[in-house]
Amino acid sequence: MDGSQPYNPRTVEEVFRDFKSRRAGIIKALTTDVEEFYQRCDPEKENLCLYGLPNEQWEVNLPAEEVPPELPEPALGINFARDGMPEKDWLALVAVHGDAWLLAVAFYFGARFGFDKADRKRLFNMINDLPTIFEVVSGVAKKQLKEKSTVSNHSSSKSKPNSKAKGSEPKFPKASSPKDDDEEGLDEEEDEEHGDTLCGSCGENYASDEFWICCDICERWFHGSCVNITPARAEHIKQYKCPACTNKRARP
């Protein structure tokens with residue numbers, strides 16, 4: 001049960017947009033909305049599924065009643081496992097099932113609307129360029145970026161978002177200004193490294209024209225727009241905590 005009117009993307013680009021939107025919804029559930037998601041997955045309820053929606057939102061609901069359903073269904077009963085393992089492991093498990101479901105939905109549309117071999121390959125390559133939900137939620141993507149950053153530091157001493165210096169003030173990329181040729185060369189190299197940094201909320205890459213802020217607890221970076229923080233507001237924050245770290249509490 002998708003919670004929305006049937007939506008049937010017909011081109012590779014439309015299917016990819018649908019994939020990204022559903023992916024953003026699931027990542028939101030497992031990161032910025034993790035407290036609400038945890039509460040909705042009550043093990044006392046029936047078999048529940050996590051759905052990513054085409055409007056970048058999410059819902060926890062019962063599966064569709066019709067057989068076969070309009071779309072492939074996510075993993076059943078994610079709520080039953082909630083209290084049987086550490087929360088971090090449970091979220092990672094849900095993330096893995098979310099990745100599998102997104103691929104199933106994307107290639108369901110591809111099969112339904114007759115994508116040929118070239119279209120299927122192009123769709124997979126577009127999907128594969130994004131980090132998986134599991135990589136975003138578990139921090140695997142962040143670790144890979146840190147390892148790459150360590151190698152890059154041998155050739156450049158300039159700071160990068162994923163090598164955040166310790167301190168009480170939030171850090172974010174500075175606005176660009178005119179530079180000489182040497183500085184421009186260094187900035188091109190830095191932009192390439194920044195480009196691999198992922199938002200902890202939506203999982204999208206860093207862009208030099210966007211405002212970012214780093215959580216002082218988990219050290220993940222976020223688009224300001226994803227966590228409702230503006231540059232002006234950031235100036236008055238002594239220690240920034242992302243929504244996931246703010247909502248974290250001891251589980252019974």
Side-chain angles (χ1 to χ4, degrees), residues 1-10 14-113 123-124 126-128 130-141 199-204 226 243-244 247-248 251-252:
M1 180 162 134
D2 202 297
S4 63
Q5 294 298 316
Y7 170 58
N8 295 322
R10 295 173 179 268
E14 287 176 342
V15 171
F16 181 60
R17 281 198 299 272
D18 181 80
F19 176 92
K20 285 182 65 178
S21 297
R22 294 177 188 275
R23 173 180 173 274
I26 294 177
I27 290 176
K28 186 178 180 184
L30 301 180
T31 55
T32 56
D33 293 349
V34 66
E35 182 74 12
E36 181 183 354
F37 173 65
Y38 184 93
Q39 295 300 330
R40 289 195 186 184
C41 291
D42 186 347
E44 297 300 319
K45 295 181 179 179
E46 298 180 62
N47 281 298
L48 294 175
C49 302
L50 171 61
Y51 295 87
L53 306 181
N55 61 355
E56 300 189 4
Q57 299 302 312
W58 59 275
E59 70 174 8
V60 171
N61 215 327
L62 296 172
E65 293 182 3
E66 68 268 21
V67 179
E70 172 66 18
L71 294 177
E73 288 290 344
L76 281 171
I78 57 171
N79 51 314
F80 296 151
R82 191 193 72 176
D83 296 341
M85 61 180 71
E87 181 184 352
K88 183 177 179 181
D89 294 342
W90 176 64
L91 292 174
L93 179 64
V94 175
V96 169
H97 284 298
D99 283 318
W101 177 67
L102 287 178
L103 281 174
V105 171
F107 281 87
Y108 164 82
F109 284 131
R112 180 171 179 177
F113 297 111
L123 175 60
F124 179 78
M126 293 167 74
I127 290 173
N128 203 39
L130 295 173
T132 64
I133 298 173
F134 172 77
E135 289 173 334
V136 173
V137 171
S138 67
V140 170
C199 174
S201 177
C202 69
E204 295 296 318
C226 287
N247 292 330
K248 222 173 249 182
R251 300 299 184 191

Subject >> Sidechain-backbone polar pair: Trp101 side chain, Ala75 backbone, donor-acceptor under 3.5 Å >> reply: no
Subject >> Under 3.5 Å donor-acceptor, Glu59 side chain and Leu53 backbone >> reply: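 Absent.
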**OP:** Could you go through the side chain to side chain contact (heavy atoms under 4.5 Å, CB included) check for Val94 and Val137 one step at a time?
**Re:** CA-CA 10 Å; Val94 175; Val137 171; over 6 Å; no
Original post:
Taking NZ, NE, NH1 and NH2 as the nitrogens, is one of them in Glu204 or Arg23 under 4.0 Å from a carboxylate oxygen of the other?
Top reply: yes
Within this structure, what is the [atom1]-[atom2] distance for the pair [X] and [Y], rounded to the nearest 0.5 Å?
{"X": "Arg82", "Y": "Gln39", "atom1": "CZ", "atom2": "CD", "result": "6.5 Å"}
{"X": "Ile26", "Y": "Leu102", "atom1": "CD1", "atom2": "CG", "result": "4.0 Å"}
{"X": "Asp42", "Y": "Phe80", "atom1": "CG", "atom2": "CZ", "result": "10.0 Å"}

Which heavy atom in [X] sits nearest to a heavy atom in [Y], and how many Å separate them?
{"X": "Val136", "Y": "Gly200", "answer": "CG1-O, 4.2 Å"}
{"X": "Cys41", "Y": "Val60", "answer": "SG-CG2, 4.2 Å"}
{"X": "Asn47", "Y": "Pro63", "answer": "O-CD, 3.5 Å"}
{"X": "Ala106", "Y": "Leu123", "answer": "O-CD2, 4.0 Å"}

**OP:** Write out all pairs satisfying salt bridge (charged side-chain N to carboxylate O under 4.0 Å, His left out) with one or both partners inside residues 100-112, taking only residues at least two apart or from two chains.
**Re:**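 The answer is Glu70-Arg112.
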Original post:
Which pairs count as salt bridge (charged side-chain N to carboxylate O under 4.0 Å, His left out) when at least one residue sits in residues 96-111, sequence neighbours excluded?
Top reply: none
Would you indicate whether the side-chain heavy atoms of [Y] and [X] approach each other to under 4.5 Å?
{"X": "Asn61", "Y": "Cys49", "result": "no"}
{"X": "Pro74", "Y": "Leu50", "result": "no"}
{"X": "Val105", "Y": "Asp18", "result": "yes"}
{"X": "Phe19", "Y": "Leu130", "result": "yes"}
{"X": "Tyr51", "Y": "Arg22", "result": "no"}

**OP:** With sequence neighbours excluded, tell me which residues meet side chain to side chain donor-acceptor pair (under 3.5 Å) with Arg40.
**Re:**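 Once residues adjacent in sequence are excluded, the partners of Arg40 under the side chain to side chain donor-acceptor pair (under 3.5 Å) criterion are Glu36.
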Subject >> Residue list, side chain to side chain donor-acceptor pair (under 3.5 Å) with Asn79, at least two apart or on another chain >> reply: none
Subject >> Leu93: partners by side chain to side chain contact (heavy atoms under 4.5 Å, CB included), with sequence neighbours left out >> reply: Met85, His97
Subject >> For Leu103, all residues meeting side chain to side chain contact (heavy atoms under 4.5 Å, CB included), sequence neighbours excluded >> reply: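 With sequence neighbours excluded, Leu103 shows a side chain to side chain contact (heavy atoms under 4.5 Å, CB included) to Phe107, Ile127, given in chain and number order.
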**OP:** For the pair Tyr38 and Leu91, evaluate side chain to side chain contact (heavy atoms under 4.5 Å, CB included) and give the outcome as yes or no after the intermediate values.
**Re:** CA-CA 9 Å; Tyr38 184 93; Leu91 292 174; over 6 Å; no
List in chain and number order the residues that pass salt bridge (Lys or Arg N to Asp or Glu O under 4.0 Å) with [X], two or more places apart in sequence or in another chain; answer none if no residue qualifies.
{"X": "Arg10", "answer": "none"}
{"X": "Lys28", "answer": "none"}
{"X": "Glu46", "answer": "none"}

Subject >> Pairing residues for Phe37 by the ring-ring contact (aromatic ring centres under 6.0 Å, His included) criterion, not counting sequence neighbours >> reply: Trp58, Trp90
Original post:
Is it true that atom CZ of Phe124 has more than 12 heavy atoms of other residues, nucleotides or ligands lying nearer than 6.0 Å?
Top reply: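 No - once you tally the heavy atoms of other residues, nucleotides and ligands closer than 6.0 Å, there are 12 at most.
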